[in-house]
Amino acid sequence: MYGWIWRHLPGNTFVRALCALVLALGVVFLLFQYVFPWAEPLLPFNDVTVDGGGS
């Protein structure tokens, strides 16, 4: 997959690396802004099973 992306980016190696960096940052941005907030209520991170301990 990464090879396919690399072959389809325009320009020389420097321009391709810059485009690949911009694409990667865009994917990270979309994940943090849309995907992770959508999935957070579905994950069991807030299901705490520790009791107060009765002494």
Side-chain angles (χ1 to χ4, degrees):
M1 178 175 94
Y2 299 114
W4 182 87
I5 294 170
W6 186 259
R7 285 191 303 272
H8 287 83
L9 290 174
N12 58 13
T13 304
F14 177 74
V15 174
R16 286 181 179 186
L18 189 61
C19 288
L21 179 65
V22 169
L23 284 172
L25 289 175
V27 167
V28 169
F29 175 78
L30 289 174
L31 284 172
F32 275 101
Q33 291 296 315
Y34 299 105
V35 176
F36 294 155
W38 168 80
E40 192 266 334
L42 305 174
L43 299 174
F45 295 134
N46 292 332
D47 296 339
V48 179
T49 58
V50 178
D51 292 332
S55 62

Looking at R7 and R16, what are the two nearest heavy atoms and their distance?
-> O-NH2, 4.1 Å

Could you tell me the separation between the CG atom of L30 and the CZ atom of F36, rounded to the nearest 0.5 Å?
-> 11.0 Å

Treat each ILVMFWY residue as a node, draw an edge where side-chain heavy atoms are under 4.5 Å apart, and state whether Y2 and L23 are in one component.
-> yes

Linked, directly or transitively: V35 and F32 (ILVMFWY side chains, under 4.5 Å) = yes

At what distance, to the nearest 0.5 angstrom, does CH2 of W4 lie from CG of L9?
-> 9.0 Å

Got W6 and T13 here, is their nearest side-chain heavy-atom distance under 4.5 Å?
-> yes

